[in-house]
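Labels below follow one simple rule: chain letters A, B, ... track the order of the sequence lines, proteins then strands, and each chain is numbered from 1. Quick caveat: nothing in here was measured; it's all calculated off a predicted structure.
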2 protein chains.
Amino acid sequence: MREALLESAIDHFGRCGFEGAATRAIAADCGTAMSSITYHFGGKEGLYLAVAEHIAAQLAEHHRDALEAIAVTPVKTREDAIERLVAVLDALAATMLGAKAARWARFIIREQQEPTEAFDRIYSIAMRPMTEAFIPLIAAARPDLSDREQRASGFLLFGQALALRAGRASLCRVLGLEHLDAEAELLLRRRLATHTRAILSAGPETLP
Amino acid sequence: MREALLESAIDHFGRCGFEGAATRAIAADCGTAMSSITYHFGGKEGLYLAVAEHIAAQLAEHHRDALEAIAVTPVKTREDAIERLVAVLDALAATMLGAKAARWARFIIREQQEPTEAFDRIYSIAMRPMTEAFIPLIAAARPDLSDREQRASGFLLFGQALALRAGRASLCRVLGLEHLDAEAELLLRRRLATHTRAILSAGPETLP
DNA sequence: GTCTATACTACGATAGAC
DNA sequence: GTCTATCGTAGTATAGAC
């Protein structure tokens with residue numbers, strides 16, 4: 001029942017926000033009574049924080065393979081670093097375009113606007129590991145940049161994938177589609193890979 | 001009073017969402033009674049839609065100058081188109097980093113996750129004009145791409161600026177800052193301009 | 001462990017005084 | 001136009017039955 005309540009709560013909190021979500025409705029979706037939430041999580045706030053950790057764990061698990069793949073062997077060349085970054089960002093874009101991410105993202109994007117303790121948990125469990133794998137690759141691809149420039153560029157690269165979810169309603173309208181189909185998703189991922197290579201391949205030797 | 005209620009409502013709806021926001025609290029911020037909302041807007045839902053139009057109008061006004069500047073003379077060369085795009089994206093990034101956008105963005109980003117009629121109004125008033133100015137410039141900068149590729153690339157470029165707001169909590173952590181200072185904002189805008197040039201300068205003649 | 005019953009609070013809508 | 005008063009509804013929390 002604990003698990004079912006968490007899954008239901010992801011959707012309710014994501015769609016309605018903390019205040020807007022109704023504990024009675026969350027419980028009803030699981031065929032149980034609202035007081036189960038009090039029992040399992042101590043109350044609405046406890047449920048909210050548990051949802052954050054639940055999402056963070058699923059997200060971390062979801063990206064585990066992609067992160068292990070890029071970390072397993074030392075980076076040899078700039079081109080190697082760039083292709084690893086392309087692979088990570090493509091995995092991230094696929095996640096952002098997928099259906100599972102929609103549920104998680106509704107919750108997370110809300111938290112980004114007005115971060116609470118829940119964001120701390122999501123960041124430390126799911127995002128920090130990705131950042132820590134990401135920045136060294138940027139450094140390897142663009143050693144000409146300062147540490148802060150590398151982090152800024154890394155975030156902006158990351159942002160392109162993030163926008164696929166955060167700005168999805170606008171994206172559909174720009175592409176003139178009701179919903180994103182498989183063809184559009186592939187196109188977006190290919191463009192993102194091209195952008196990534198263009199950004200990371202530039203440097204002092206090509207742009208003096 | 002109508003104006004005051006709208007301004008207060010931007011913050012309450014943005015922070016708490018539609019269901020979470022309390023009309024009594026919105027009215028109290030303006031030193032008036034909740035029934036003023038009934039009088040001016042017909043109810044909570046009417047207020048919400050009015051807020052959407054209010055934000056859209058302010059956003060459109062905010063970007064009017066930048067859009068006029070890029071549309072006033074015909075585009076002559078690829079380089080000309082690229083520098084116009086750099087200028088628009090820089091203006092957009094400045095907006096996203098600014099304080100006014102924080103209030104608007106809380107409202108808009110919520111709508112993007114679960115679009116309602118309010119998003120239609122924001123998109124048609126504030127975003128469509130920007131898209132319609134943006135895509136032709138991409139076409140001029142990258143005539144080698146198909147229409148759909150141009151739109152996808154345009155959105156991803158746009159997404160970097162969007163992420164400055166939508167992912168701000170993560171951005172601060174990646175940069176190791178409590179809040180973004182002026183120096184960090186300038187750095188991000190410069191990186192975005194560099195990325196924009198790298199993405200748009202690439203093409204069949206440079207990357208065969 | 002889970003549910004029922006209940007207490008309490010706060011919400012939005014509305015009618016009517018000013 | 002704005003406010004007060006009031007209504008019905010819906011929220012959380014808690015205690016106690018099973």
Check nucleotides 16-18 of chain D against the protein and report each pair of N or O atoms closer than 3.5 Å, with its distance, or say if there are none.
none

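Counting heavy atoms from C-beta on, the side chains of B/Phe158 and A/Ser170 never come closer than 4.5 Å.
With sequence neighbours excluded, the residues that form a side-chain contact (heavy atoms from CB on, under 4.5 Å) with A/Ala66 are A/Ala91. The side-chain contact (heavy atoms from CB on, under 4.5 Å) search around B/Leu49 returns B/Glu117, B/Ala118, B/Arg121, not counting sequence neighbours. The side chain to side chain donor-acceptor pair (under 3.5 Å) search around B/Arg191 returns A/Ser153, not counting sequence neighbours. A/His63 is linked by a side chain to side chain donor-acceptor pair (under 3.5 Å) to A/Thr95, counting only residues two or more places apart in sequence or in another chain. By the side-chain contact (heavy atoms from CB on, under 4.5 Å) test, A/Thr73 is found to be paired with A/Arg84, residues two or more places apart in sequence or in another chain being considered. Taking A/Arg128 as the reference, nothing meets the side chain to side chain donor-acceptor pair (under 3.5 Å) condition, with sequence neighbours excluded.
Of the residues in residues 34-45 of chain B, those lying under 4.0 Å from DNA chain D by heavy-atom distance are B/Ser35, B/Ser36, B/Tyr39, B/His40. Annotation: proximity of residues 20-31 of chain B to DNA chain C (heavy atom, distance under 4.0 Å) is found for B/Ala21, B/Ala22, B/Thr23, B/Arg24, numbered in ascending order.
A salt bridge links B/Arg103 with B/Glu7: at least one charged nitrogen is closer than 4.0 Å to a carboxylate oxygen.
Within the structure, salt bridge (charged side-chain N to carboxylate O under 4.0 Å, His left out) pairs that include any residue of residues 58-67 of chain B comprise B/Glu61-B/Arg64, B/Arg64-B/Glu68 (at least two apart or interchain). Residue pairs satisfying the ring-ring contact (aromatic ring centres under 6.0 Å, His included) criterion with at least one member in residues 89-117 of chain A, sequence neighbours excluded, are listed as follows: A/Tyr48-A/Phe107, A/His62-A/Trp104.
In DNA chain D, runs of at least 3 consecutive Watson-Crick or G-U pairs, each pair with both distances below 3.5 Å, span C:1-18 with D:1-18.
DNA chain D is contacted by both B/Ala33 and A/Glu19; B/Ala33 maps to the nucleotide lying nearer its 5′ end (nearest heavy atom per residue).
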